[in-house]
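Structure first, then comments.
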Amino acid sequence: MKLLEGKTALVTGVANDYSIAWGIAQALREHGAEVAFTYQNERLKEKMSDLVKPFNPKLLTELDVTKDADIARVGQEVFAVYGKLDIFVHSLAFVPKEDLHGDFYKASRAGFAMANDISSYSLIAVTNALLPAFEAAGGGSVMYLTYIGGEYAISTYGLAGVTKAALEISGKYLAQSLGDKKIRVNGISAGPIKTLAARGIKNFSGLQQKAQDFMPLKGEMTPADVAGTAVFLGSDLSKSITGEIIHVDNGFHCVRG
């Protein structure tokens with residue numbers, strides 16, 4: 001049974017075939033959705049074009065979320081190409097290396113502003129740009145990727161955790177403000193998974209091992225484990241769920257060593 005037949009999705013934040021966003025895109029397609037993609041800049045265009053070739057997407061477009069003109073253009077392109085949008089997957093995050101690896105109390109003003117602009121404000125801005133396409137579909141599903149570091153102070157996660165906290169509360173306020181448009185907004189809090197972004201976190205392997213030691217469900221997680229929840233959130237099965245954060249982390253969030 002294909003849960004997303006006839007639906008259109010926009011997936012952001014695919015870095016390579018190890019990305020959680022890539023696992024989600026594959027699952028959305030397997031369940032019948034037509035998937036559009038964005039890439040960050042011209043340097044990544046060729047790489048993304050090769051990666052998404054099996055999807056034969058009608059839209060593969062550049063999106064730099066620090067530029068309002070880029071955000072507005074993407075919203076217009078989605079509407080022009082598809083005429084509607086049912087699903088938006090937000091998988092965008094960035095923290096300057098010096099502010100991620102340094103002592104948290106030394107976080108710079110510029111780094112704090114940039115990290116929150118890209119990692120959390122982008123959810124608001126891009127969703128707003130996509131509203132005409134969502135409204136043409138009669139509503140839809142916005143989902144964003146987060147991590148337990150937005151709920152608790154996790155060693156080595158630092159400023160990234162602050163951006164996740166901002167992302168999560170932004171998602172809840174979006175859920176409140178978009179409910180009358182039948183647009184649902186939910187977060188997926190994934191467990192530690194080996195991705196390109198994760199490799200940028202200091203001692204990620206140690207963080208991952210510590211989590212695995214306490215997870216009620218054992219075993220290393222993969223993007224495919226998260227993708228099933230994304231399919232559910234994109235489908236009509238979740239039509240009464242909004243403002244929620246679903247933990248897909250083998251139960252790590254419910255235990256404390």
Side-chain angles (χ1 to χ4, degrees), residues 1-40 44-63 65 74-93 122-123 126-127 129-130 132-134 136-146 182-191 193-198 221-239 241 244 246 248:
M1 178 182 179
K2 293 189 175 183
L3 295 173
L4 305 176
E5 197 71 52
K7 293 185 182 294
T8 299
L10 175 67
V11 177
T12 62
V14 174
N16 54 35
D17 55 358
Y18 294 101
S19 299
I20 295 176
W22 178 245
I24 290 174
Q26 290 179 303
L28 296 181
R29 181 187 180 216
E30 288 168 5
H31 279 271
E34 188 166 1
V35 185
F37 295 90
T38 67
Y39 55 90
Q40 183 182 356
L44 298 175
K45 182 178 181 180
E46 184 176 351
K47 180 180 179 181
M48 275 295 294
S49 296
D50 290 340
L51 184 62
V52 305
K53 192 173 293 183
F55 283 70
N56 191 27
K58 293 180 182 177
L59 182 63
L60 170 62
T61 189
E62 184 174 346
L63 174 61
V65 294
V74 169
Q76 293 164 3
E77 289 178 347
V78 169
F79 188 74
V81 173
Y82 298 102
K84 71 179 182 85
L85 185 69
D86 303 283
I87 299 165
F88 166 42
V89 179
H90 178 281
S91 180
L92 302 165
S122 59
L123 174 68
V126 178
T127 298
L130 295 170
F134 271 124
S141 173
V142 174
M143 62 189 84
Y144 58 90
L145 294 175
T146 186
K182 297 184 179 179
I183 298 174
R184 298 173 285 111
V185 185
N186 295 289
I188 301 176
S189 185
I193 296 173
K194 290 179 181 177
T195 63
L196 182 63
M221 296 185 60
T222 69
D225 296 321
V226 179
T229 300
V231 170
F232 166 69
L233 288 175
S235 77
D236 294 339
L237 293 176
S238 61
K239 66 180 182 179
I241 299 176
E244 188 59 86
I246 300 177
V248 185

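Here the structure is a predicted model, which means the values were calculated and not measured.
- Using a 4.5 Å heavy-atom threshold, the side chains of Phe88 and Val78 count as separate.
- Across Ala21 and Val14, no two heavy atoms sit closer than the pair CB-CG2, 3.8 Å.
- No donor-acceptor distance shorter than 3.5 angstrom exists from the side chain of Ser189 to the backbone of Ile246, with no hydrogens or angles considered.
- The CG atom of Leu60 lies 7.5 Å from the NZ atom of Lys45; values are rounded to the nearest 0.5 Å.
- Phe55 and Phe37 have perpendicular rings, their planes meeting at more than 60° on a 0 to 90° scale where under 30° would count as parallel.
- Nearest heavy atom pair, residue Pro223 against residue Gly23, reads CB-CA, 4.1 Å.
- For Tyr82, the ring pair (Phe, Tyr, Trp, His ring centres under 6.0 Å) test picks out no residue, with sequence neighbours left out.
- Note that OG of Ser122 is 3.0 Å distant from NE2 of His90, once rounded to the nearest 0.5 Å.
- The two residues Phe79 and Ala136 have their closest heavy-atom pair at CE1-CB, 3.8 Å.
- Contact of the Val74 side chain with the Val126 side chain is not registered, since no non-hydrogen atoms from C-beta on lie closer than 4.5 Å.
- The local environment of CG in Asp50 is crowded, with over 12 non-hydrogen atoms from other residues, nucleotides or ligands closer than 6.0 Å.
- Ile24 has its side chain within reach of Leu145: a pair of non-hydrogen atoms, C-beta onward, lies under 4.5 Å apart.
- Looking at residues two or more places apart in sequence or on another chain, you find no ring pair (Phe, Tyr, Trp, His ring centres under 6.0 Å) involving Tyr39.
- Expressed to the nearest 0.5 Å, how far CG of Leu130 lies from CD of Gln76 amounts to 11.0 Å.
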Could you tabulate the donor-acceptor pairs under 3.5 Å formed by side-chain atoms of residues 1-13, not counting sequence neighbours?
| unit_1 | atom_1 | unit_2 | atom_2 | d |
| --- | --- | --- | --- | --- |
| Lys7 | NZ | Asp236 | OD1 | 3.4 |
| Thr12 | OG1 | Val89 | O | 2.8 |
| Thr12 | OG1 | Ser91 | N | 3.3 |

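- Looking at residues two or more places apart in sequence or on another chain, you find a side-chain contact (heavy atoms from CB on, under 4.5 Å) between Leu44 and Gln40, Asn41.
- Contact annotation: the side chain of Lys47 approaches that of Asn16 to within less than 4.5 Å [non-hydrogen atoms, C-beta and beyond].
- Take Asn186 and apply the side chain to side chain donor-acceptor pair (under 3.5 Å) test, not counting sequence neighbours, and it matches no residue.
- Partners of Thr146 according to the side chain to side chain donor-acceptor pair (under 3.5 Å) rule, which considers only residues two or more places apart in sequence or in another chain, are Glu168.
- Taking the side-chain contact (heavy atoms from CB on, under 4.5 Å) definition, one finds that Ala224 meets it with Thr222, sequence neighbours left out.
- Take Ala93 and apply the side-chain contact (heavy atoms from CB on, under 4.5 Å) test, not counting sequence neighbours, and it matches Ser119, Lys164.
- Judged by distance alone, the side chain of Arg184 and the main-chain N or O of Gly139 form no donor-acceptor pair under 3.5 Å.
- By the side chain to side chain donor-acceptor pair (under 3.5 Å) test, Thr38 pairs with no residue at all, sequence neighbours left out.
- Across every non-hydrogen atom of Val185 and Tyr144, the tightest pair is CG1-CE2, 4.2 Å.
- By the side-chain contact (heavy atoms from CB on, under 4.5 Å) test, Glu77 is found to be paired with Leu59, Thr61, Arg73, residues two or more places apart in sequence or in another chain being considered.
- Heavy-atom minimum distance, Ala190 versus Val226: CB-CG2, 3.8 Å.
- Under the salt bridge (Lys or Arg N to Asp or Glu O under 4.0 Å) criterion, Lys182 pairs with no residue at all, not counting sequence neighbours.
- One N or O on the side chain of Arg29 and one on the backbone of Pro54 form a donor-acceptor pair closer than 3.5 Å.
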